[in-house]
Amino acid sequence: MRLISYIFPIYNEADNIALLHKTVTEVVKPLKKKYEFEFIYINDGSKDDSLKELEKLHKKDSSAVIVDLARNFGHQIAVTAGLDVAKGDAVIIMDSDMQDPPKVSLELIERWEEGYDVVYAQRRSRKDTVFKRATANLFYRTLHSLAEIDIPRNTGDFRLIDRKVVEEVRRYTEHNRFLRGMISNVGFRQTGVLFDRDERHAGETGYPLRKMLKFAADGIMSFSSAPLRLISRLGYIMSFLSVIFIVYTLSVRLFYPTHAVEGWAFIVISIFLVGGIQLIMLGVLGSYIGRIYTETQNRPLYSIRNILRSKK
Ligand code: UDP
Ligand code: MG
């Protein structure tokens with residue numbers, strides 16, 4: 001029988017775990033004759049009682065596999081750990097806060113049966129704050145116009161991926177990970193299904209603004225060198241403008257010598273303007289160099305403290 005693995009990254013989800021597990025196991029019940037299931041919970045250094053809840057779950061249900069990471073490594077790394085541990089012929093990645101409705105995973109499995117290797121769940125609507133929706137929208141637009149590959153819009157990590165694709169993604173060893181980009185980059189046959197994203201059931205978001213910005217930068221910088229090209233483009237524009245200014249200044253000197261001292265304000269403004277642009281551009285360079293640095297250190301992506309898995 002073929003095995004399907006569910007991967008749930010867990011960061012402070014104590015009040016969601018029991019409901020989540022109950023809901024998915026209910027949802028997959030009709031498929032039990034056709035497939036085996038394993039449910040992999042990766043505890044990403046939760047500070048609440050999540051680990052206790054997970055251990056309880058494992059005692060009750062042997063199909064629940066618990067991976068306890070040594071500290072909080074971040075959502076993308078937690079999912080990566082899940083991909084390494086999962087044994088399924090297909091792997092389904094889902095959020096653990098009930099925002100990704102478990103019943104949608106059945107549609108993902110159906111499309112997989114039709115022969116697709118990646119089936120991503122695309123949001124038709126979402127019930128997040130105005131701020132989250134606006135920033136997400138801006139991010140997907142920017143990514144879409146900058147990225148060198150086509151990354152589907154309004155799509156999180158909620159998706160099913162076939163074993164073949166899991167093995168390919170596991171060969172991506174980069175540290176600043178943007179999984180949905182990596183999965184698009186792999187290729188194979190990919191398709192999407194639409195769904196309505198729910199509200200978070202309990203607890204609060206594990207993605208404060210700081211993490212969101214880092215994640216957005218990872219997405220854009222892993223799949224685009226457009227920010228770097230922007231530097232030289234701005235450089236050209238500035239040089240072109242300065243030629244015009246030189247011509248202007250010379251003409252004032254030659255034809256209106258009495259006016260020549262004016263323009264002091266102009267000089268000061270241009271110094272600040274150019275200085276500002278240079279600093280921003282240094283920042284762009286710095287972000288890439290910082291990422292190159294972490295990649296060359298090539299540290300292990302994560303450390304596992306413990307795995308609870310019933311042997312079969
Ligand atoms: N998460 C994680 N590590 C983190 C932050 C989040 O494993 O450092 C998990 C979290 O438990 C959830 C998923 O990643 O299952 C998505 O996080 P969240 O719902 O907080 O993000 P949002 O939906 O607000 O963007
Ligand atoms: Mg959420």
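As the structure lists them, so they are numbered: ligands from 1, and atoms in each ligand from 1. Quick note: numbers below take in every heavy atom, side chains included, and nothing from hydrogens, waters or symmetry partners. Bear in mind the structure is a predicted one, so any value in this text is a computation, not a measurement.
- Among Asp97, Asp95, Leu69, the residue whose heavy atom lies nearest to atom 16 (C) of ligand 1 is Asp95.
- Nearest to atom 9 (C) of ligand 1 among the protein's heavy atoms is Pro9 O, 3.8 Å.
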- Does the pair Asp218 and Arg291 meet the rule for a side chain to side chain contact (heavy atoms under 4.5 Å, CB included), with working shown? CA-CA 9 Å; Asp218 282 345; Arg291 282 176 172 72; 2.8 Å; yes
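- In terms of protein heavy atoms, atom 6 (C) of ligand 1 is closest to Tyr11 CB, 3.9 Å.
- Aromatic ring orientation, His21 versus Tyr41: tilted (interplanar angle from 30° to 60°).
- With a heavy-atom cut-off of 4.0 Å, Glu13 touches ligand 1 through its side chain alone.
- Annotation: atom 25 (O) of ligand 1 to nearest protein heavy atom, Lys132 NZ, 2.7 Å.
- Distance CD/Gln190 to CG/Asp150: 10.0 Å, rounded to 0.5 Å.
- Between Phe39 and Phe8, the ring planes lie parallel to each other; the angle is under 30°, not in the 30° to 60° tilted range.
- Looking only at protein heavy atoms, the nearest one to atom 14 (O) of ligand 1 is His75 CD2, 3.1 Å.
- Using a non-hydrogen distance threshold of 4.0 Å, Arg197 registers as a contact of ligand 1.
- The shortest N or O to N or O distance between Gly206 and ligand 1 is under 3.5 Å.
- Near Asn72, the atoms of ligand 1 lying under 4.0 angstrom from a non-hydrogen atom of the residue are 3 (N), 4 (C), 8 (O).
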- Task: Could you walk me through whether Lys47 and Asn12 pass the side chain to side chain contact (heavy atoms under 4.5 Å, CB included) test, one step at a time?
- Result: CA-CA 6 Å; Lys47 294 183 178 66; Asn12 298 345; 3.9 Å; yes
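- Remark: minimum distance from atom 18 (P) of ligand 1 to any protein heavy atom is reached at Arg200 NH2, 3.4 Å.
- Every residue two or more places apart in sequence or in another chain was checked for a ring-ring contact (aromatic ring centres under 6.0 Å, His included) with Tyr120, and none qualifies.
- The cationic group of Arg170 does not satisfy the cation-pi geometry with Tyr172, failing either the under 6.0 Å distance to the six-membered ring centre or the 45° limit from the ring axis.
- Within the listing of ligand 1, atoms 2 (C), 3 (N), 4 (C), 7 (O), 8 (O) sit less than 4.0 angstrom from a heavy atom of Asp44.
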Show me, pair by pair, the donor-acceptor contacts under 3.5 angstrom made by side chains of residues 89-98, not counting sequence neighbours?
residue	atom	partner	partner atom	Å
Asp89	OD2	Leu3	N	2.8
Asp95	OD2	Arg197	NH2	3.4
Ser96	OG	Pro9	O	2.5
Asp97	OD1	Gln99	N	3.2
Asp97	OD2	Arg200	NE	3.4
Asp97	OD2	Arg200	NH2	3.2

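- One distance of note links CG of Leu69 with CG of Asn43; it measures 7.0 Å at 0.5 Å rounding.
- Atom 23 (O) of ligand 1 has as its closest protein heavy atom Gln99 OE1, 2.6 Å.
- Residue contacts with ligand 1: Met94 is excluded, as none of its non-hydrogen atoms falls under 4.0 Å.
- Side-chain N/O atoms of Tyr6 and Ser105 include a donor and acceptor closer than 3.5 Å.
- Here the side chains of Lys33 and Met1 are not in contact, with every heavy-atom distance at 4.5 Å or above.
- Summarising the local packing, NZ of Lys87 is surrounded by 12 or fewer heavy atoms from other residues, nucleotides or ligands at distances under 6.0 Å.
- Under 4.0 Å from ligand 1, heavy atoms of Thr205 appear from its side chain as well as its backbone.
- Listed by number with element, the atoms of ligand 1 under 4.0 Å from a non-hydrogen atom of Tyr207 are 17 (O), 20 (O), 21 (O), 25 (O).
- Classified by interplanar angle (parallel below 30°, tilted 30° to 60°, perpendicular above 60°), the ring pair Tyr35/Trp112 is tilted.
- Residue contacts with ligand 1 for Ile10 involve N, CA, C or O but no side-chain atom from C-beta outward (heavy atoms, distance under 4.0 Å).
- Listed by number with element, the atoms of ligand 1 under 4.0 angstrom from any heavy atom of Gly74 are 3 (N), 8 (O).
- Judged as a salt bridge (Lys or Arg N to Asp or Glu O under 4.0 Å), the pairs with a partner in residues 174-189 (not counting sequence neighbours) are, in order, Asp117-Arg189, Asp157-Arg180.
- Heavy atoms of Lys211 come nearer than 4.0 angstrom to ligand 1 in at least one pair.
- Counting only protein N, O or S atoms, the number found under 2.8 Å from the Mg ion (ligand 2) is 2.
- Looking only at atom types and distance, the side chain of Asn176 has a donor-acceptor partner in the side chain of Glu295 under 3.5 Å away.
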